[in-house]
Every structure is written in C-alpha cells, then in structure tokens.
Amino acid sequence: MMNTAARRILSVASRRVQGNGKEFSTLVAATEEFPGLPSITPEAAKASVASVTTLASGLVVVTENAASTSTVTMTYPKAGSASEAIDEQGAALINKCLAFNSGSGLSTIMIHRTIENEGAIPFAEASRTGATLGYTVEPDNAVGLVPLLATDCTFEKWDVRDAKKLASFQTAEANKSAQIALTEQIYAAAYGAQSAMGRPFYSTDASTYEIASFRSRGYGLNGAILAATGISDHGAFCAEVDSLLSESTAGTADAAPTSAYMGGEARLAAAGAGFAHVALAFEASVSAAMRSVLKECFSVVGKEAGVAGFETTGLVGVYAAAPSDGVGALDSAMTDTILSKMSADVVSKAKTLAKAEALFGLDCGSKGLAAAMTAGVMETGSFSSASGLASEFDAITEKDVSSALATILKSNPSLAAVGDISVLPYQGTFASRF
C-alpha cells in the first residue's frame, strides 16, 4: 500500500514534469527566463559547518551547509554481512542489489523515473560493516527523495531475480581479483572463517525468505545515519525528514553484532599463478586517525622493500606482493617493516600523509564528504569540520604512535596469502618474531 511519503514523492515528480517548460518573456534577465541557472553573483565561499541531530525514531541526521551539490546517504550499520546469520550468507550483497527497487507502493520503474526527473544520481554500497544508499542532486531537491532511501521493499519476484543475477555477476568479478580474494582471506584469518565477520562478503546463497528476514533486521531507522551535504537549514531539514520517514520501518535499538578478534591464518594457494599477495594484520582498537597514521608509518618505512601499510575498522597491517622467485623474501621484509623504530621523522611524514588523505577525502566531492561525515558519526557520534579533523592528527605524538604500535603487536597476528605461496612461512613463524 502506498504510504504518505510515497504519495508526496509522486506529487513532486508530477509537478516537475508539468512545470519543465520555458518561461517566455522579453527584456528580462536570463535567470528569469531560464529558472535554475547559476547565479551571476554567487555568494562568497564559506567554511563548512556540520550539525548532528538524533530524531525520535533513533535516526541520526548529520548535515553540512557549504557544499555546492547535495549528496544524501542513508547508512545502515546493521545491514553489512557481519550481521548475517549463518543461513543468510549473501543476504547483505543481494539486498544492496535490491536498492531502489519496488517498495512502499512504488514500482521499480516509478522509483527510477522519479530519481531521473529530479536530476539525481543514485548509488548503493555494502560491506561487512554496513550498507549505504544515496543520491547526488542539486541542493533544492535534496530532501524530496529521502523516502526512497527507506522504502519497505516488497521483494517482487522479478526484482529478486534480477538482484540475484547482479549479485552473482559481482561475485564472479570479485573472484577474478587477487586483491579482493586477499581481503576476504585477511578477515577469515583475523576473525575465524566461520564467524560472521570472517565469512565471505561475496556470496549469493541466501534464499528469498532469508533475504527478507535479513532486511527486516538490518534496514530500520533506529541506529541508521542520514548524511546530507549542502543543507542550509539543518533544523528545517530534520523536521522535513522526520515527517517524510514517519511511516518507514523503525527497526530495533539493538546494536550491530560484533565478532571477537582471534588472529590466525588463511591461505589460498594457486601454484601456477606466478605471483603471490600477502597481508599481515593485527588487532587495532584505536581511533581511525591513529590507524591511518600507523598505516602511513608502515608505508614510509617499507617503501624501499615494496611493503605498504593498510588499515580498516579494527585492523592495521602491511601488504606485499612478489613474483614466484621473490616470495621467499616477503616474510622478512614485512616483519622488518613492522618492527622498525618509528622515528620522529617517520611519524611526522606519516602524520602529514594521513592528514592530507583525510582532508582530500573531504574535498573530493559531496559524496566523499558525506562518507566522511558518516564515518565520523559512527566512530565518535559527531562530526566537526575540516579543521577539527586536522586537529585530531596534529594531536598525535611520537609517543602515542609508539604506545599504539606496542599495544597492537601484543595481539595474535593474522596472515592471509593468495597465489604461489608454497615457500611462504606459516603464521606461527611470523608470530614468533613479535
């Protein structure tokens, strides 16, 4: 049945279709004859100001007011594959492929036509730790499409069929990538191959019932994060969003499930591959800024040996690759990088690189800014500004880095290897060096 928000979307779309004609006039400014043209006297640039509000539904809304385009995203922390039950493997990926399909009384074609009429560009992403639906559009149209980020999916058989086909294609493509295979292996090594976090993200085993069951738990407003850029009036935006989503699925207040870090080994051998990819990771219960600095420290120290640092939520480590005849030297190169003393010069370079990467992420377009805002809210419950983000990195000292490194090295290392790895030592050899 069509809810109030769906009817409002159709009403807006209808008015836009009827009002798209040219306005005839004589001796008037171009902006009057062609409404919507950029102003010839634009406002001066201003620093971005972010605001965060939690609505009664439990939805967290974070906006900023300086972007010239609006990206609106809805992130569901409980919709990642780490929230799948043992019999729901693949439900997170397939539900991502069901984004913007039939729901809340609207057909798939009507949803996509409405998005197109508004001039929006939709996108959907998913990972182990959540799923994000969003669109990029001009600021004047930012709020009108918000209900499409929280539709009550009806799981029409043709939509589910197409979503499964798309998920199968994406899984097949992912299986061709050694880097994606290595990513799957490092999670299996870190959290256990049978844990929710360690099981493969790329899978299509879930049935329609299991897909629907997973969605009913993962896609509720309670605990979700709505991020929007280019919003001039945060209060009015929140009020409108609260009204538009009043009939959307609320969900529960339960937190996303967590998997305990174990440390271990996962190997995927391919003797004739002619190349090997290896990752070595440790548990990193530190801030995102510290993980980023540690990653850059490893990259600075290991540059000459072909070793690069990497980090993700809960993990930080090093990666290296080599042709078959060079695999025997990878273990020492990786462990030497991790055990190197992080001097003041190394830490200074790492902080500069990490801060630059974070700040460039804010300046790479409204989509990147919305992602950074969401990440900030997920980690700390707030998001300040570019200057506040820079201050986080500036506050990190050489002593802080040494202390964090000493702490993570106390955890059991996780070793993942893919390719021609017959001469690569096992995890126990790596662990004995720390």
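Keep in mind that this is a model prediction, so the values were computed, not measured.
Closest non-hydrogen pair, Ala227 versus Thr374, comes out as CB-OG1, 3.4 Å. When all heavy atoms are compared, the tightest approach of Ala404 to Val286 is CB-CG1, 4.4 Å. Contact detail for Ala256 and Pro77: the closest heavy-atom pair is CB-O, 3.8 Å. In terms of heavy atoms, Ala124 sits closest to Lys96 at O-CD, 3.7 Å. Residues Leu415 and Ala189 share a closest heavy-atom pair of O-CB, 3.5 Å. What you find for Thr208 and Lys164 is that their closest heavy atoms are OG1-NZ, 3.7 Å.
In this structure, a donor-acceptor pair under 3.5 Å is present between the side chains of Tyr187 and Thr312. A side-chain donor from one of Asn412 and Gln427 sits under 3.5 Å from a side-chain acceptor of the other. Side-chain contact check for Ser324 and Asp420: at least one donor-acceptor pair (N or O, by modelled atom type) lies under 3.5 Å. Side-chain N/O atoms of Thr108 and Asp159 include a donor and acceptor closer than 3.5 Å. Between Ser104 and Thr151, the side chains place no donor N or O within less than 3.5 Å of an acceptor N or O (distance only, hydrogens not considered). Side-chain atoms of Thr75 and Thr132 include a donor-acceptor pair closer than 3.5 Å. Side-chain contact of Ser207 with Glu210: a donor-acceptor pair under 3.5 Å is present, judged by distance alone.
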Would you sort out whether Tyr319 and Val278 count as a side chain to side chain contact (heavy atoms under 4.5 Å, CB included), showing the intermediate values? CA-CA 6 Å; Tyr319 161 80; Val278 185; over 6 Å; no

Mind running ring-ring contact (aromatic ring centres under 6.0 Å, His included) on Tyr76 and Tyr219 for me, showing each step along the way? CA-CA 6 Å; Tyr76 297 97; Tyr219 280 77; 4.7 Å; yes

Stepwise, does the side chain to side chain contact (heavy atoms under 4.5 Å, CB included) test hold for Asn222 with Ser57? CA-CA 6 Å; Asn222 203 326; Ser57 61; over 6 Å; no

Can you list the steps and then say if Val241 with Leu59 is a side chain to side chain contact (heavy atoms under 4.5 Å, CB included)? CA-CA 10 Å; Val241 165; Leu59 175 68; 4.1 Å; yes

Take Ile225 and Val62 through the test side chain to side chain contact (heavy atoms under 4.5 Å, CB included) and record every step on the way to the result. CA-CA 7 Å; Ile225 301 167; Val62 53; 4.2 Å; yes

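Under the 3.5 Å distance criterion, the side-chain polar atoms of Thr380 are matched with a main-chain donor or acceptor of Ser382. Side chain of His234 to backbone of Glu64: no donor-acceptor contact under 3.5 angstrom is found. A donor-acceptor pair under 3.5 Å is absent between the side-chain atoms of Arg267 and the main chain of Ala416, judged by distance alone. Ser177 places no side-chain N or O within donor-acceptor distance of the main-chain N or O of Ala174, the cut-off being under 3.5 Å. In this structure a side-chain-to-backbone donor-acceptor pair under 3.5 Å is present from Asn175 to Thr171. Judged by distance alone, with hydrogens and angles left aside, the side-chain atoms of Thr229 form a donor-acceptor pair with the main-chain N or O of Thr71 at under 3.5 Å. Listed for the Asp400 side chain is no donor-acceptor partner under 3.5 Å among the backbone atoms of Ile396. Under a 3.5 Å cut-off, the side chain of Glu88 and the backbone N or O of Ala206 do not form any donor-acceptor pair. Side-chain atoms of Lys295 do not come within 3.5 Å of backbone N or O of Met290 as any donor-acceptor pair. In this structure, the side chain of Ser292 does not engage the main chain of Ala288 through any donor-acceptor pair within 3.5 Å.
Asp394 and Lys355 are joined by a salt bridge, as a carboxylate oxygen and a charged side-chain nitrogen come within less than 4.0 angstrom of each other. Taking the charged nitrogens against the carboxylate oxygens, Glu311 and Arg291 do have a contact shorter than 4.0 Å, which makes a salt bridge.
The side-chain heavy atoms of Val318 and Phe282, taken from C-beta on, include no pair separated by under 4.5 Å. Counting heavy atoms from C-beta outward, Lys367 and Phe123 have side chains that approach closer than 4.5 Å. Residues Thr183 and Tyr202 form no side-chain contact, since every pair of their non-hydrogen atoms from C-beta on lies 4.5 Å or further apart. Contact of the Ser81 side chain with the Arg199 side chain is not registered, since no non-hydrogen atoms from C-beta on lie closer than 4.5 Å. Leu133 places none of its side-chain heavy atoms less than 4.5 Å from the side chain of Thr73. A heavy-atom distance below 4.5 Å is found between the side chains of Val60 and Thr54. Residues Val146 and Tyr135 have side chains in contact (heavy-atom distance under 4.5 Å, counting atoms from C-beta outward). Contact annotation: the side chain of His112 never approaches that of Glu116 to less than 4.5 Å [non-hydrogen atoms, C-beta and beyond].
Atoms CZ and CG, from Phe237 and Asp233 in turn, are 11.0 Å apart once rounded to the nearest 0.5 Å. Atom CG in Leu244 sits 10.5 Å away from atom CG in Leu149 (nearest 0.5 Å). The distance from the CG atom of Leu280 to the CD atom of Glu265 is 10.5 Å, given to the nearest 0.5 Å. Separating the SG atom in Cys153 from the CG atom in Leu98 is a distance of 5.0 Å, to the nearest 0.5 Å. Interatomic distance, CZ of Phe393 versus CD of Glu296, reported as 9.0 Å (0.5 Å rounding). Distance CE/Met334 to CG/Leu330: 7.0 Å, rounded to 0.5 Å.
In the displayed structure, Ile121 atom CD1 is contacted under 6.0 Å by at most 12 heavy atoms of other residues, nucleotides or ligands. Atom CD1 of Ile86 has more than 12 heavy atoms from other residues, nucleotides or ligands within 6.0 Å.
Aromatic ring pairs are classed by plane angle as parallel below 30°, tilted from 30° to 60° and perpendicular above 60°; the pair His277 and Phe275 is tilted.
Each of Thr53, Val61, Leu55 was evaluated against Asp242; a single residue qualifies, Leu55, per the side-chain contact (heavy atoms from CB on, under 4.5 Å) test.
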